[in-house]
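A quick write-up on the structure given underneath.
One-based numbering, in listed order, for ligands and for the atoms of each.
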Amino acid sequence: MILEITGIGTEMQGVGRTEDGQVVFVPMALPGETVDVEIVHRSDRILEGRIREILTPSPDRVQPICPLYGQCGGCKTQHMSYDLSLALKRQIVTQQVERIGRLKDPCIYPTEASPKPWKYRNKGEFAVATDARTGTPGVGVFERKSHTVLPMQDCLLHDDLSTRALRVINKWMHAYCIPAADTPGAGGGVRHVVTRVSRADGLMLILSTTSRRIRALDPLISMLSTEFGEKIHSLYQIVLKDRPADALDGRCILLAGKRVLIDRLAGLSFAISPRTFFQVNMVQTDRLYEYVREAAALTGREFVLDAYCGCGTISLALARDAARVIGVELNEGAIEDAKENANRNGLWEKAEFYAGDAGVKVVELIDQGLRPDVLVVDPPRKGIDARLLSAIVKGQISRVVYVSCNPGTMARDIQRLTEEGAYRLEYIKPVDMFSQTEHVECVARLTRTAQA
Ligand code: SAH
């Protein structure tokens with residue numbers, strides 16, 4: 001059928017409607033285009049189409065530059081101009097806040113462009129698997145919606161240190177017949193390679209394996225130092241649990257080099273251990289935190305509570321302009337890092353950190369009568385814990401700064417905070433932290449209303 005693309009879906013698919021009003025999602029089609037599509041999937045309410053021919057291309061359509069674009073699931077906006085991707089991210093945020101957040105005409109500012117929309121990622125998680133055709137193990141990226149690993153020479157999202165490390169690992173695995181975890185009869189092997197890069201320190205490399213023993217470790221260490229010299233900062237092994245929750249879920253062993261990686265953010269210095277969350281796009285995080293500071297509007301007298309604080313980055317960035325900050329975080333290792341970071345930056349007198357579930361620990365602090373002036377929440381993709389949301393609605397916190405990497409769950413939580421009039425959404429600032437992908441980061445400012 002011939003379709004006019006009039007909208008955008010949350011995964012950057014074009015959206016059109018059939019003559020009888022049914023919604024059709026068309027991956028890779030852009031708003032304003034007329035396309036000839038073949039329907040490849042049909043459910044009760046929604047159709048999915050595949051482009052057969054673009055009859056009228058958008059002036060914003062561009063040639064993707066990665067040879068794996070469309071095959072690898074990582075990038076979603078290489079077929080459009082960077083400016084259009086920014087505009088569409090804002091549109092996605094607006095749609096979510098209007099539909100899920102049930103707010104009319106929310107104030108959504110233009111998406112903050114990134115000065116470095118390529119090669120910006122400081123963390124890579126790569127899959128190791130046996131190539132079905134050649135039978136040899138290798139490191140690469142997952143093919144979209146599958147478990148097949150595509151071998152990869154370069155990636156335009158990752159820092160060069162990460163992709164260079166992958167090439168070394170591939171060479172090492174081939175030269176010494178290192179098995180992948182799925183190699184039949186090997187009794188264990190490498191399942192993931194995780195890279196973390198610091199602008200100041202270089203590379204932390206983590207091999208996650210299904211058994212403790214790794215063959216040919218010394219040659220690997222010497223191959224890494226030949227390739228990177230001083231830039232190889234540490235080599236870790238994670239021995240994965242039986243049913244790991246993620247690529248780093250297991251016993252953590254330092255094989256060579258230093259324990260933590262040091263990087264700078266917001267003018268402060270941070271120590272990061274292998275399993276601690278750290279923002280992936282450093283240049284843009286500096287800007288993101290500027291927007292967080294603007295939203296928090298501190299004068300030096302405030303008490304700030306930072307739920308989901310990771311290794312204390314936002315807490316400490318705000319501590320300079322606050323009287324006191326408390327950070328809460330589920331990951332105990334990250335809380336150790338946060339305490340070390342408070343000392344490292346001379347902010348230990350102002351900052352306290354607690355390990356705990358935000359839905360329990362922060363609620364407990366509020367129930368005990370702690371009255372922060374500003375609450376910062378920066379939850380994982382699933383959004384804020386329901387128990388914490390009701391404590392916020394009941395509590396007397398005048399400002400909530402919501403930092404989010406998922407506009408859908410942010411919109412849901414904003415709906416809960418605003419539905420009975422306790423809070424008013426002032427604005428949302430989208431920031432392009434994940435260029436070339438469908439993802440967008442947001443800073444929302446909510447203030448308590450007089451009636452509440
Ligand atoms: N604000 C930090 C971290 C944000 S990422 C930064 O900008 O770097 C979200 C963090 O929430 C992660 O560190 C994750 O470990 C933590 N987290 C996940 N679930 C949690 C929970 N239930 N309670 C508290 N923290 C949680």
Side-chain angles (χ1 to χ4, degrees), residues 121-123 125 196 198 245-249 252 260-293 295-296 304-319 322 325-342 344-345 351-366 374-392 400-406 409-410 413 429 431 433-434 439-444:
R121 277 190 73 99
N122 63 6
K123 183 180 182 202
E125 250 183 58
R196 303 193 80 159
S198 139
D246 56 48
L248 301 178
D249 190 13
C252 187
V260 289
L261 197 63
I262 309 292
D263 209 339
R264 292 190 72 78
L265 254 188
L268 300 170
S269 152
F270 291 96
I272 314 143
S273 359
R275 272 189 296 221
T276 295
F277 174 88
F278 203 66
Q279 295 287 350
V280 295
N281 180 339
M282 301 301 282
V283 184
Q284 247 351 39
T285 301
D286 274 334
R287 293 166 168 221
L288 177 77
Y289 288 0
E290 273 309 310
Y291 284 109
V292 172
R293 278 169 59 135
V304 180
L305 185 54
D306 180 15
Y308 310 91
C309 72
C311 63
T313 43
I314 294 180
S315 326
L316 296 172
L318 295 181
V325 299
I326 289 187
V328 175
E329 157 67 45
L330 191 61
N331 177 344
E332 287 178 20
I335 284 296
E336 289 309 310
D337 290 346
K339 289 177 183 166
E340 185 179 332
N341 289 329
R344 167 181 287 281
N345 293 288
E352 286 162 62
F353 293 99
Y354 299 101
D357 184 333
V360 177
K361 185 68 194 172
V362 177
V363 173
E364 194 181 290
L365 292 171
I366 295 175
V374 179
L375 174 69
V376 178
V377 282
D378 182 5
R381 289 189 63 74
K382 66 175 189 231
I384 306 183
D385 190 289
R387 293 164 295 182
L388 178 53
L389 277 173
S390 21
I392 301 173
V400 175
V401 179
Y402 193 144
V403 187
S404 162
C405 57
N406 182 344
T409 53
M410 173 185 71
D413 294 343
K429 176 70 188 176
V431 178
M433 299 274 283
F434 312 106
H439 296 294
V440 54
E441 187 87 7
C442 288
V443 179

re atom 23 (N) of ligand 1, the protein heavy-atom contact at minimum distance is Ala358 N, 2.8 Å
Which option, Asp378, Thr285, Val377, owns the non-hydrogen atom nearest atom 4 (C) of ligand 1? Asp378
Would you kindly specify which portion of Ala334 sits under 4.0 Å from ligand 1, judged on non-hydrogen atoms: side chain, backbone, both or neither? neither
Taking a cutoff of less than 4.0 Å between a non-hydrogen atom of the residue and any ligand atom, is Asp385 in contact with ligand 1? no
Taking Ser273 for the side chain and Arg275 for the main chain, is one N or O donor matched with an acceptor at less than 3.5 Å? no
Should the pair Lys361-Glu364 be classified as a salt bridge under the 4.0 Å nitrogen-to-oxygen rule? yes
Once rounded to the nearest 0.5 Å, what's the spacing between atom CG of Leu318 and atom CG of Asp306? 7.0 Å
Tell me whether Phe278 has any N or O atom under 3.5 angstrom from an N or O of ligand 1. no
Touching ligand 1 at all, Thr313? Heavy atoms, strictly under 4.0 Å? yes
Reported CG-to-CG distance for the pair Asp385 and Leu330, which is rounded to 0.5 angstrom: 10.5 Å
Is there a polar contact, in the sense of an N or O pair closer than 3.5 Å, between Asp357 and ligand 1? yes
Please report whether ligand 1 has a polar contact with Leu330, defined as an N or O pair separated by less than 3.5 Å (distance criterion only). yes
How many angstroms lie between atom CZ of Arg344 and atom CD1 of Ile262, to the nearest 0.5 angstrom? 3.5 Å
Is Glu329 close to ligand 1, meaning an N/O of one under 3.5 Å from an N/O of the other? yes
Under 4.0 Å to a heavy atom of Pro380 - the qualifying atoms of ligand 1, by number: 11 (O), 18 (C), 19 (N)
Determine yes or no for a side-chain-to-main-chain donor-acceptor pair under 3.5 angstrom, with Glu352 supplying the side chain and Ile326 the backbone. no
OH of Tyr354 to NZ of Lys339, rounded to nearest 0.5 Å, is 8.5 Å
With a 4.5 Å cut-off on side-chain heavy atoms, are Leu265 and Met282 touching? yes
Atom 17 (N) of ligand 1: closest protein heavy atom, distance to 0.1 Å, is Tyr308 CD2, 3.9 Å
Is a side-chain donor or acceptor of Asp413 paired with a backbone partner of Leu389 at a separation under 3.5 angstrom? no
Between Tyr289, Phe270, Phe277, flag the one that comes closest to atom 7 (O) of ligand 1 by a heavy atom. Tyr289
Under 4.0 Å from any heavy atom of Gly356, which atoms of ligand 1 are there? 23 (N), 24 (C)
